[in-house]
Amino acid sequence: MDVRDTIIDAVRIALADLGVDPVPAIIQLERPANADHGDWSTNVALVSAKAAGLNPRTLGSQLVERLESAPPTHVVGVEVAGPGFVNFRLAESWLHDVLADVVVAGSEGWARSDEGKGTRVIVEFVSANPTGPLHAGHGRGACYGDSIARLYSRCGFDVVREFYINDRGLQMENFAASLAARVAGQPVPEDGYHGQYIVDWAAEMIAEADATADPMEWGYTKALGSHRAALEALSIHFDSWFSERSMIATGAIDDTLAALWAAGAVYEDGGAVWLRSTDYGDDKDRVLVKSDGEPTYLMPDVAYHRDKFDRADLLVNVLGADHHGYVARMHAAMAMLGHDPDKLEIAITQLVSLHRDGCEVRLSKRTGEMVELAEVVEDVGADAARFTYLLLSVDSPQTFDLDLVASQVNENPVFYVQYAHARIHQVVRRATDAGINRGELSDADFSLLCHSRELEVLRALHELPDVVSRACRERAPHQVTTWVRNLAASFHGFYHDCRVLGEDVDQPLTIARLWLAEGTRIGLAVALDLLGVDAPTEMWRDGLVGQEHDPVSTSY
RNA sequence: GCCCUCGUAGCUCAGUCGGAUAGAGCGACCGCCUCCUAAGCGGUAGGCCACAGGUUCGAUUCCUGUCGAGGGCGCCA
């Protein structure tokens with residue numbers, strides 16, 4: 001049982017004994033910023049003062065009296081402070097119990113939960129049109145979407161990663177026309193795609209000497225292949241690629257339109273079919289079928305989401321901020337089809353702006369100015385790219401300075417974290433060489449871990465389950481990034497100040513510290529896995545290769 | 001004009017489910033390798049948490065407004 005639950009239960013009983021009615025449903029217990037305020041603190045006396053008919057300080061004092069008479073496990077001090085906070089001081093033994101919990105759970109079990117209770121969730125992300133390569137901006141949504149999928153999995157959801165392919169419509173036609181024009185040696189149409197890649201792909205098409213190839217089909221295959229390759233380079237794998245065209249074949253689009261008519265959700269005006277999205281808070285009604293009889297992008301999209309609701313309990317879409325306007329209309333459409341719009345969660349990522357040579361590069365396939373995602377990954381490496389994309393909250397716009405990132409690859413915080421992991425493996429190897437093994441958990445004496453550096457690492461490890469749970473709930477993988485940087489910092493501090501091996505370290509302490517390293521390894525492994533970043537067992541900086549090390553392993 | 005996100009140290013950003021003295025990295029300055037990888041550790045300097053009101057015992061955090069930045073407002077996607 002987590003020490004917090006023990007304390008909260010004791011507080012609840014004490015409040016009831018004092019006649020506080022009602023006892024608050026939620027009793028907040030938090031770790032004070034200031035160590036002088038103890039290990040854990042509750043504001044319950046401030047919150048419940050009115051219900052108790054006492055001033056907060058008095059209620060706090062009475063609580064302290066009660067709690068001191070029968071202190072919960074690990075609690076060695078209770079006091080009232082400030083305006084009425086009740087602060088708990090704990091014996092270090094509570095952190096030693098945490099370490100035991102961590103190593104018993106292992107990297108499979110620690111910070112894994114059942115919160116999702118098997119809820120089926122489809123995370124749809126990237127979903128870039130197959131009209132050109134992915135650019136650096138797509139990388140953010142790609143890494144973000146994959147990481148929240150990992151978080152959902154770890155929290156007990158049943159997750160499908162899905163890529164929706166807009167493989168028909170006006171943009172596809174423009175793309176095909178652009179490709180065809182280049183193949184024929186003619187200028188690209190005004191509203192076509194003007195990127196260099198069109199030139200390159202046209203040349204490839206000619207080189208393949210398949211004159212009969214349909215530019216749309218050839219280009220579609222080419223673009224999708226390039227998407228897969230770029231994502232693969234980031235270790236992002238989709239479980240499902242859902243084709244817009246497939247819904248024409250299955251009749252899903254027609255069925256959906258019929259369902260909308262039946263629900264009174266649409267009307268005809270000026271030869272077009274409109275969705276009554278204003279009934280559900282949208283700015284204006286939206287066209288589903290154009291007056292020329294062609295569907296807009298929205299029509300198949302509505303059908304697609306209807307299909308997803310047949311397959312899952314919760315839909316999560318990752319979209320760039322430039323698609324924000326889409327939220328209200330899709331919620332409206334789902335509500336009108338009888339689905340709970342709250343089960344369609346749309347995560348908006350603020351845009352990535354790219355700088356190269358000191359200038360901003362606008363990312364647009366249509367104008368042709370772009371930096372390919374594959375190029376970024378090649379330049380900085382998959383781990384640095386992923387970590388960088390997941391460094392910030394997606395609510396903040398991100399500036400990616402290619403020159404800076406490329407020149408400072410070795411200063412990327414990802415290496416700081418990975419190095420902590422590599423150090424752990426290194427010290428274990430050294431211990432093994434010296435004939436020292438952690439042995440059985442039950443033989444270790446964790447009470448020897450009382451250095452402030454050691455306790456700091458243990459406190460960080462204790463936080464991980466909460467961090468993961470919250471990061472999942474808030475769909476905020478950057479919280480994991482922040483946490484793992486902090487764990488790495490605590491570990492490096494420990495490693496610097498506390499020697500694990502050596503003649504001046506008693507064997508029981510060495511053993512206890514090896515277990516601490518193992519606990520840290522588990523924390524790093526769990527967090528890095530959630531971020532999709534490798535946890536290398538060794539890293540050697542160029543030029544620092546020791547003679548006992550194989551130069552081949554210099555890049556981890 | 002309306003909608004979304006944001007405004008925190010010189011720079012890039014955490015923190016904000018309301019809590020006690022607001023943090024990190026980079027940059028600047030000063031230190032630490034006879035010792036498990038110095039890809040490491042420590043110290044100093046640096047803040048009207050954009051501004052103004054409101055709610056509260058308590059606001060950087062919640063609400064309203066103002067200013068500023070980015071994005072959106074198409075029978076494109």
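Convention: sequence-line order gives letters A, B, ...; per-chain numbering from 1. Below, each value reflects all heavy atoms present in this structure, side chains not excepted, and no hydrogens, waters or symmetry copies. Computed from a prediction, not measured in an experiment: that's the story for all the values here.
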Just checking [X]: base, sugar-phosphate only, or nothing, at a heavy-atom cut-off of under 4.0 Å?
X: A:R423; value: sugar-phosphate
X: A:R473; value: nothing
X: A:S393; value: sugar-phosphate
X: A:H323; value: base
X: A:L46; value: base
X: A:S291; value: base
X: A:G270; value: base

How far does the [atom1] atom of [N] sit from the matching atom of [M], given to the nearest Å?
N: B:A22; M: B:U61; atom1: P; answer: 15 Å
N: B:G19; M: B:C62; atom1: P; answer: 10 Å
N: B:G65; M: B:C2; atom1: P; answer: 10 Å
N: B:C76; M: B:G15; atom1: P; answer: 40 Å
N: B:U60; M: B:U16; atom1: P; answer: 15 Å
N: B:G46; M: B:G23; atom1: P; answer: 15 Å
N: B:U44; M: B:C67; atom1: C1'; answer: 36 Å
N: B:G54; M: B:G47; atom1: P; answer: 28 Å

What nucleotide, of [options], holds the atom closest to the side chain of [X]?
X: A:S396; options: B:C41, B:C13, B:G74; answer: B:C13
X: A:D36; options: B:A14, B:C75, B:U21; answer: B:U21
X: A:R485; options: B:G25, B:A20, B:U21; answer: B:G25
X: A:Y297; options: B:C3, B:G70, B:A77; answer: B:A77
X: A:N129; options: B:C75, B:C35, B:A77; answer: B:A77
X: A:L392; options: B:C75, B:U21, B:A14; answer: B:A14

task: Output yes when a side-chain donor or acceptor of A:D292 lies under 3.5 Å from a complementary backbone atom of A:E294, and no otherwise.
output: yes
message: Can you confirm if the NZ or CZ of A:R140 lies within 45° of the ring axis of A:F400 and under 6.0 Å from the centre of its six-membered ring?
response: no
- prompt: Hey, does A:I198 have a side-chain heavy atom less than 4.5 Å from the side chain of A:L179?
  reply: yes
Is any N or O donor-acceptor pair between the side chain of [X] and the base of [N] shorter than 3.5 Å?
X: A:T482; N: B:A24; answer: no
X: A:N34; N: B:U21; answer: yes
X: A:N412; N: B:A39; answer: no
X: A:N43; N: B:G19; answer: yes

statement: Correct closest heavy-atom pair for A:A527 and A:V484 would be CB-CG2, 3.5 Å
query: Syn versus anti for B:C73, judged by chi lying within 90° of 0?
result: anti
Taking the six-membered ring for Trp, does [X] stack with [N] (centroid gap under 5.5 Å, planes within less than 30°)?
X: A:F85; N: B:A20; value: yes
X: A:Y495; N: B:C36; value: yes
X: A:H496; N: B:G40; value: no

- request: Taking atom types as modelled, find out whether A:Q418 and A:D383 have a side-chain donor-acceptor pair closer than 3.5 angstrom.
  value: yes
